[in-house]
Peer 1: 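Structure provided below as structure tokens; questions to follow.
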Amino acid sequence: MRIGIDVGGTNTDAVLMDGTDVLAEVKTVTTRDVTAGIVGALRGLVGARDFSPAQIQAVMIGTTHFTNALVEGRRLARTAALRLALPATEGLPPMVDWPDRLRQAIGGHAYLCHGGHEFDGRQISPLDEDEIRRAASDMAAHGVRSVAISSVFSPVNAEFEQRAADIVTSVLPGVHVSLSHEIGRVGLLERENATIVNACLRDLADQIVDAIGSALLTAGISAPLYLSQNDGTLMDVEYARRYPVATFASGPTNSMRGAAFLSGLADCAVVDIGGTTTDVGILTRGFPREAATEVDIGGVRSNFRMPDVLSVGIGGGSLVHAGAEISVGPDSVGYELGTKALVFGGTMLTATDLAVAAGLADIGDARRAGRVDRELVRGGLDAIAVTVAAAVDRMRTSPEPLPVVAVGGGSILIPNKLPGSGEVNRPGHYAVANAIGAAIAQVGGEVDRIFALGAATREEVLAAAKGEAASKAIAAGARPDSVQIVEVDEVPIAYLPGNAVRVRIKAVGDLQLTADRPPCRADNAPEDPPAGPVR
């Protein structure tokens with residue numbers, strides 16, 4: 001058996017699953033202390049189904065901890081950005097496009113040093129090790145706790161980043177180091193931004209992983225803990241400590257994966273209506289379609305993998321505005337829905353009140369919702385349907401009909417047929433599809449690199465890249481016999497010499513649950529600390 005938990009802005013959902021069977025599900029209110037909400041969800045599962053903690057083989061959690069921290073600019077580590085590029089790139093220093101509030105929150109320390117490579121591996125300039133030592137000494141003087149190292153075309157040749165990390169950790173023992181070739185894709189500024197974001201979350205990642213591990217142990221659960229990534233796969237706790245940025249947008253991803261599992265549809269549009277927002281995404285071969293361009297998170301432009309999701313401000317907690325034209329959202333009561341909505345004794349008219357008044361839901365005090373004007377109820381629900389239908393239409397890339405799967409507790413707000421989109425599929429357990437998506441998630445590995453087709457043929461390059469992606473999936477915990485290639489993307493790069501091509505390959509496999517996999521731990525260090533720098 002396994003437990004899947006997804007922490008949303010309004011609700012924390014949890015499911016207990018045995019293989020493909022959902023044994024129990026609970027929906028609790030998300031608390032200010034998100035970890036406390038997880039504890040409450042675990043207690044709810046115990047109350048819904050009598051089971052022994054020893055029966056749990058794994059716990060999968062999708063969390064908003066790290067996204068919230070960046071957006072709010074809180075609990076971020078003092079971070080330095082070290083770029084290896086001189087004499088190139090001087091005109092646009094690190095964090096040049098960051099909001100001032102975030103730059104100040106992490107200290108804004110940036111250093112430019114010699115180094116970097118061309119796309120074919122040739123050096124821009126030799127690495128100056130003394131220059132890096134001087135930069136690291138200045139970081140120490142400013143109390144830097146985490147360092148983001150980036151180098152031009154490091155996804156092609158990571159040698160300089162790795163050597164710089166060794167030098168930095170020799171001057172600053174124990175400092176966290178994030179390397180850009182392990183996090184972002186080709187494109188220096190966006191990859192560097194993603195690395196800096198990851199670096200400033202490293203301290204928080206240790207705290208969150210420890211807190212969640214302690215919560216599980218308090219509940220008597222010693223099974224391995226995994227966190228959801230934003231590509232629909234899982235990462236173990238040690239990976240999560242190193243790459244917290246990979247959790248961004250894992251909530252919508254979990255919902256889409258859960259929708260695919262529950263509906264049996266691998267290619268469809270997914271409408272996930274929660275308490276605060278509606279997220280619309282597209283499933284392709286069972287996995288979320290990834291954003292093709294840079295993504296903006298908290299005002300920071302990055303290029304690491306993210307699902308292509310359109311969010312609109314409509315959810316169960318959205319406020320209803322009466323007037324010449326009835327509208328719903330985007331403002332919301334959020335996690336205070338249970339106290340501020342009419343049906344829960346509050347004074348604010350929300351989308352949940354509309355659902356109760358229309359007989360779509362039976363929660364709270366239906367008599368209070370019954371006093372709402374019938375025209376207002378009808379107009380509000382129509383406004384919701386039109387807005388959601390428009391969002392689905394914006395996400396389509398062809399005029400061909402696309403099935404729509406509605407999930408999330410708020411999906412009762414939309415009708416069984418959306419304007420211009422046909423029938424809406426609302427599968428069983430739809431309200432906790434996000435938690436189910438976390439529970440059934442697989443393990444993945446990805447390669448995204450520029451190759452020069454010179455001595456090697458196209459077939460040889462693709463075969464090597466597929467093998468590397470599969471190896472990464474297995475190293476992450478996938479069962480070797482279950483690994484398959486789910487995505488192959490190759491784009492010729494005309495402006496680079498040498499017949500260059502960008503190859504991106506993704507492999508996924510089922511999580512290997514065996515007795516010898518380590519249980520979740522509530523401390524910072526693994527059983528046998530690895531030699532060398534902490535990365």
Side-chain angles (χ1 to χ4, degrees), residues 79-96 109-140 144-200 202 242-243 245 302-304 446-452 454 464-465 468 472 493 496-498 500 502-504 530-535:
T79 301
L82 174 64
R83 183 194 294 172
L84 310 174
L86 291 178
T89 77
E90 235 180 330
L92 295 172
M95 295 180 279
V96 64
H109 304 291
Y111 303 85
L112 282 167
C113 296
H114 287 79
H117 290 84
E118 302 290 356
F119 90 98
D120 58 2
R122 290 179 292 116
Q123 292 184 10
I124 293 176
S125 62
L127 197 69
D128 187 333
E129 297 191 357
D130 289 336
E131 186 179 37
I132 295 173
R133 289 190 182 92
R134 290 192 297 271
S137 297
D138 190 68
M139 295 175 197
V144 167
R145 301 197 307 273
S146 192
V147 182
I149 301 178
S150 58
S151 177
V152 177
F153 276 115
S154 62
V156 175
N157 189 331
E159 172 191 357
F160 283 173
E161 286 190 357
Q162 292 164 339
R163 178 57 189 144
D166 293 337
I167 296 170
V168 167
T169 52
S170 70
V171 178
L172 290 168
V175 71
H176 289 309
V177 175
S178 298
L179 306 182
S180 76
H181 75 275
E182 297 176 344
I183 295 171
R185 294 172 172 167
V186 176
L188 177 63
L189 289 181
E190 294 83 2
R191 171 165 42 89
E192 180 178 69
N193 283 345
T195 310
I196 299 170
V197 168
N198 189 77
C200 72
R202 290 286 296 272
R242 294 177 59 186
Y243 306 110
V245 73
S302 306
N303 70 349
F304 61 97
E446 185 181 68
V447 171
D448 186 354
R449 193 178 307 155
I450 293 178
F451 293 88
E468 183 179 346
K472 286 185 174 181
I493 304 180
L496 292 180
R502 178 181 176 182
V503 175
R504 186 164 68 90
V534 179
R535 295 184 184 167

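Values in this document were obtained by computation on a predicted structure and should not be read as measured data. Both backbone and side-chain heavy atoms feed into the values below; hydrogens, waters and symmetry mates do not.
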Peer 1: How long is the gap from CD1 on Ile196 to CE on Met95, to the nearest 0.5 Å?
Peer 2: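 One finds 5.0 Å between CD1 of Ile196 and CE of Met95.
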Peer 1: Treating Asn198 as the side-chain partner and Val245 as the backbone partner, does any N or O pair qualify as donor plus acceptor under 3.5 Å?
Peer 2: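 Indeed, once roles are kept as given, a pair shorter than 3.5 Å links the two residues.
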Peer 1: Looking at Val168 and Ala136, what are the two nearest heavy atoms and their distance?
Peer 2: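 Nearest heavy atoms, Val168 then Ala136: CA-CB, 4.2 Å.
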Peer 1: Minimum heavy-atom separation for Ser146 and Ala199, please, with both atom names.
Peer 2: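 Nearest pair, atom of Ser146 first, then Ala199: OG-O, 2.7 Å.
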Peer 1: In Å, rounded to the nearest 0.5 Å, how long is the span from CD1 of Ile124 to OG1 of Thr89?
Peer 2: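 Going from CD1 on Ile124 over to OG1 on Thr89, the span is 7.5 Å.
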Peer 1: Would you call Val503 and Val447 a side-chain contact if the rule is heavy atoms closer than 4.5 Å?
Peer 2: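 When only atoms from C-beta onward are counted, Val447 and Val503 do not touch, as no gap falls below 4.5 Å.
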Peer 1: As an exercise, state the distance from OG of Ser178 to CG of Leu82, rounded to the nearest 0.5 Å.
Peer 2: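 Between Ser178 OG and Leu82 CG, I get 12.0 Å after rounding to 0.5 Å.
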Peer 1: May I ask you to decide whether Glu446 forms a salt bridge with Arg504, counting only side-chain N to carboxylate O separations under 4.0 Å?
Peer 2: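 Salt bridge present between Glu446 and Arg504.
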Peer 1: Is a side-chain donor or acceptor of Ser125 paired with a backbone partner of Gly115 at a separation under 3.5 angstrom?
Peer 2: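 Yes, because the side chain of Ser125 sits within donor-acceptor range (under 3.5 Å) of the backbone of Gly115.
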Peer 1: Where do Ile132 and Leu84 land on the side-chain contact (heavy atoms from CB on, under 4.5 Å) test, with the steps shown first?
Peer 2: CA-CA 9 Å; Ile132 295 173; Leu84 310 174; 4.1 Å; yes
Peer 1: Between OG1 of Thr195 and CD1 of Ile149, what distance do you get to the nearest 0.5 Å?
Peer 2: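 Here the interatomic distance stands at 10.0 Å.
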Peer 1: Given 3.5 Å as the limit, does a donor-acceptor pair link the side chain of Glu131 with the main chain of His114, or not?
Peer 2: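 Pair found, side chain donor or acceptor close to backbone of His114.
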Peer 1: Are the side chains of Arg145 and Arg202 in contact, using a 4.5 Å heavy-atom criterion?
Peer 2: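 No. Closest side-chain heavy atoms not under 4.5 Å.
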Peer 1: Please report the closest heavy-atom contact between Leu179 and Val177, naming both atoms and the distance.
Peer 2: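 Looking at all heavy atoms of both residues, the closest pair is CD2-CG1, 3.6 Å.
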Peer 1: When rounded to the nearest 0.5 angstrom, what is the spacing between CZ in Phe160 and CD in Glu129?
Peer 2: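 It is 9.5 Å, given to the nearest 0.5 Å.
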Peer 1: Who passes side chain to side chain donor-acceptor pair (under 3.5 Å) against Ser154, sequence neighbours left out?
Peer 2: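 Counting only residues at least two positions away or on another chain, Ser154 forms a side chain to side chain donor-acceptor pair (under 3.5 Å) with Glu161, Ser180, Arg191.
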Peer 1: For the side chain of Arg83 and the backbone of Glu192, is there at least one donor-acceptor N/O pair under 3.5 Å apart?
Peer 2: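 Flag not set: sc Arg83 to bb Glu192 has no pair under 3.5 Å.
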Peer 1: Which distance, rounded to the nearest 0.5 Å, do you find between the CG of Leu127 and the CD1 of Ile167?
Peer 2: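 Answer for the CG-CD1 pair, Leu127 versus Ile167, is 5.5 Å.
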